[in-house]
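The figures that follow rest on heavy atoms only: side chains count, while hydrogens, waters and symmetry mates do not. Fair warning: this is a prediction, and the values are worked out from it, not measured in the lab.
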Amino acid sequence: MTKIYFWEKLANQPEKESEDTLLFNEVEEDKSIRELIRSLEDKIIGKKRNLKDLNPENPSIKKWLNTVFSNYPEKKESEVEDIINEYRAVLNSRSREKEKFILAVLQLNDVIAIVHCKKGPSLAELEDKVISVQTILHSKNIVRADIIKKEDGILKLLAYEQSRKFSKGHAKFWGIDIEDIGWESLGNICLNIELDAISIPIQINLDNDQLKNMIDEQKISPSGKINLGKEEGTISKVFVYGKALDYPKFYDFFVTETEKLDEYKKRFDQIIPTNEGLGKFMKDDKYRYMEDENSLIEIKGNGEETLLKKTHPRYNILFLTKYSPVIKPKQSLLTKINDAIFNNTRYEIYHAGDDASKESFRIGNLIVYNNLTLCDKFEELTNNLINKIQDAQSSKLKLSLKVAFCHLMKNCIKSKHFTYIFDYLLDSYIPEIEYEFQKTDGLSTNEDVLEFKSASAYNPKPTEFAKNTLVPTIKKYIDVDKLTRQCIIYGIEDDQSINPIYNFKSDMAVTIETTANKELESEKVIVNIHPIKYKEGNLLFIFLTRTE
């Protein structure tokens, strides 16, 4: 059983050293602890960072963290206390208000969370330690947190701030410079202003949105001229996280971080004409363009030519579409998208074929800056299914649920081109499922999301099968406003041996899908069918999604 350790200490240092105690408890393994970590990961600001690339104010912090990780399950209490002491040293006085805040460290085998939060009851005072950890580390109590995760042997840092802005102390603790924070996560900015009417410079504090609005409204010019009511002046210095920047250097940073997306939008429209009668959806595998994370590429004969470098400082630009002449993503880009959705790797994207939006929405940890129409309860639907996928124990179950998820997204998001992401992900998952089901080991028994049906339950007359067998079965899985199953697989016996359906033809899948969807239209359920080859026959995968 995994050991989970929890330490806590007051954020303010007591006057008497004897009162500066570190409290410790061992917490029993519980699924809710992982969900707690996952909820923090979902709210990180900025990007995921390699710990080895950071330069903390105290270089020993990285050494202490490595020691704590490498010695698990042995407790390294001295190093944990050193980390907490260093962390509270960079907090401002308000964040260390007496008896109001604590600093805590939660350690699992592959994750350490450092949390600054409001003081609640001590873990030692509460009998149910799982519930108490959730109580102490409730999102309403957390001021800021850092998740340090071990991924493929490398320690990664994910930072969270309740305010969605990096505090000066937080950035200072990890040695994160202004250039590495990102405009949207900057805290307060102090302007040093020389006014024509006053001989002494004045200083004003603005948050990044206020400053951006003043620049957008031309109250601040690119040269640093500023209008304050009737007064005019010049910005001589900009103070951010203790660094004094000349205004031209700061303005360059601002322009880079808020660069317009028009160039990419215009280029997309040149390649994919979407006026009526011009754009044509292609169902076959023909494509003229492809893209990776950094480039848009044209296929020419047996060669390739880079058309455009995608170098936006904030967003990862996407061009993929299935409209003629088709832009196909490389597998490396699909892997990035897959990891963002299902593995909590933050990835910010903008699709050049759809309208941009200043407000983002999330699919797992894929942050999307497009103005798209989402179905009701979108966040709840996606989070519930992603959690099931992340908790799946077998590759077969995980892949099956990923296919169900892609169909759900295609029904839950209305867009011009964005949703082709899920068509391309489906194209990559189906061969993987086919490969996995050639193996007989590790067949999932998790029937709270899958339902296995014998091949004998299949009727070779597709219309009769849809009306008399499939639809009545699906209706049993409809529970008010949700489905109790995401997938039915025909071709698996009660003892979980695989007995495929023979003589199954592709046009049968079309007939079954069309008939079932017509019958289930009033139930707001959509059926998608994928026959998966198994030896000389097929397993019949039937994926179910609700449209609202």
Side-chain angles (χ1 to χ4, degrees), residues 45-47 55 57 90 92-94 159 161-172 174-267 308-317 348-350 352 355-360 367 369-371:
I45 57 173
K47 59 188 177 183
N55 296 300
E57 187 176 45
V90 300
N92 62 35
S93 57
R94 188 174 179 182
E161 290 262 6
Q162 192 178 64
S163 66
R164 308 302 299 163
K165 312 289 184 186
F166 253 112
S167 65
K168 179 180 176 181
H170 196 172
K172 182 180 179 182
W174 293 110
I176 299 173
D177 290 329
I178 174 179
E179 291 84 358
D180 296 323
I181 288 175
W183 179 267
E184 75 284 357
S185 302
L186 285 178
N188 277 355
I189 299 159
C190 180
L191 303 182
N192 196 80
I193 302 170
E194 297 177 357
L195 293 172
D196 297 340
I198 304 174
S199 59
I200 301 174
I202 66 167
Q203 291 186 338
I204 60 172
N205 287 291
L206 302 171
D207 64 31
N208 58 349
D209 290 334
Q210 290 172 321
L211 181 56
K212 183 179 184 304
N213 288 337
M214 291 186 73
I215 293 172
D216 289 345
E217 294 167 6
Q218 298 182 340
K219 293 180 180 177
I220 298 177
S221 73
S223 64
K225 296 294 183 182
I226 182 171
N227 290 320
L228 295 174
K230 295 181 180 180
E231 299 295 331
E232 289 189 353
T234 303
I235 302 172
S236 56
K237 295 285 183 182
V238 181
F239 296 92
V240 187
Y241 296 107
K243 292 184 70 173
L245 303 178
D246 292 332
Y247 184 77
K249 183 175 181 180
F250 177 81
Y251 188 77
D252 285 345
F253 170 76
F254 164 79
V255 170
T256 301
E257 284 290 296
T258 58
E259 185 180 326
K260 303 297 183 184
L261 299 166
D262 292 350
E263 174 192 345
Y264 298 104
K265 178 73 173 170
K266 289 176 182 176
R267 197 58 185 270
L308 181 67
K309 287 288 186 182
K310 300 185 292 183
T311 57
H312 196 277
R314 176 174 179 185
Y315 305 113
N316 297 283
I317 310 297
E348 293 183 305
I349 63 171
Y350 159 74
D355 294 335
S357 172
K358 289 184 179 180
E359 298 297 323
S360 65
I367 318 299
Y369 286 87
N370 284 105
N371 186 20

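Between Lys165 and Gly187, the closest heavy-atom pair is CB-CA, 3.9 Å. Of all heavy-atom pairs between Ser357 and Asn371, the closest is CB-N, 3.7 Å. Summarising the geometry of Tyr350 relative to Ala356, their closest heavy-atom pair is CE1-CB, 3.5 Å, with the distance given to 0.1 Å. Considering all non-hydrogen atoms of both residues, Glu232 and Asn227 come closest at CG-OD1, 3.1 Å. Across all non-hydrogen atoms, the minimal contact from Ala352 to Lys265 is O-CD, 3.0 Å.
Within the model, atoms CG of Leu245 and OH of Tyr251 stand 15.5 Å from one another, a figure rounded to the nearest 0.5 Å. Between atom CZ of residue Phe239 and atom CG of residue Leu191 there is a gap of 10.0 Å, rounded to the nearest 0.5 Å. Atom CG of residue Leu195 and atom CD1 of residue Ile200 lie 11.0 Å apart, to the nearest 0.5 angstrom. In this structure, CD1 in Ile204 is found 4.5 Å from CD1 in Ile226, a value given to the nearest 0.5 Å.
Residues meeting the side-chain contact (heavy atoms from CB on, under 4.5 Å) test with Asn205, sequence neighbours left out: Cys190. For Asp207, the side-chain contact (heavy atoms from CB on, under 4.5 Å) partners are Asn188, Asp209, Gln210, not counting sequence neighbours. For the side chain to side chain donor-acceptor pair (under 3.5 Å) test, no residue two or more places apart in sequence or in another chain qualifies with Gln162. Ala159 pairs by the side-chain contact (heavy atoms from CB on, under 4.5 Å) definition with Asp146, Phe166, His170, not counting sequence neighbours. The side-chain contact (heavy atoms from CB on, under 4.5 Å) search around Lys309 returns Ser295, Thr306, Thr311, not counting sequence neighbours. With sequence neighbours excluded, the residues forming a side chain to side chain donor-acceptor pair (under 3.5 Å) with Ser223 are Ser221, listed by chain and number.
Using a 4.5 Å heavy-atom threshold, the side chains of Tyr264 and Leu308 count as touching. Residues Lys237 and Asp246 form a side-chain contact, since some pair of their non-hydrogen atoms from C-beta on lies under 4.5 Å apart. Between Val240 and Ile181 there is no side-chain heavy-atom pair separated by less than 4.5 Å. Taking 4.5 Å as the limit, every side-chain heavy atom of Tyr241 sits out of range of all side-chain heavy atoms of Asp177. Inter-residue side-chain proximity for Ile235 and Phe250 is flagged as unmet; no heavy-atom pair is nearer than 4.5 Å. In this structure the side chain of Lys168 never reaches within 4.5 angstrom of the side chain of Asn92, judged on heavy atoms. You'll find the side chain of Leu186 stays beyond 4.5 Å of the side chain of Leu211, heavy atoms only.
With hydrogens and angles disregarded, a donor-acceptor distance shorter than 3.5 Å links the side chain of Asn370 to the backbone of Asp355. Proximity of a side-chain donor or acceptor of Ser236 to a complementary backbone N or O of Asn192 within less than 3.5 Å is detected. A donor-acceptor pair is defined here as one N or O able to donate and one able to accept, closer than 3.5 Å; such a pair exists between the side chain of Glu161 and the backbone of Ser167. Looking only at distances, a side-chain donor or acceptor of Asn316 sits under 3.5 Å from a matching main-chain atom of Glu348.
Under 3.5 Å, the side chains of Thr234 and Lys225 contain a donor-acceptor pair of N or O atoms.
Residue Gln218 qualifies as open at atom CD: its count of foreign heavy atoms under 6.0 Å is 12 or below. Annotation: Lys310, atom NZ; neighbour count of heavy atoms from other residues, nucleotides and ligands within 6.0 Å is above 12.
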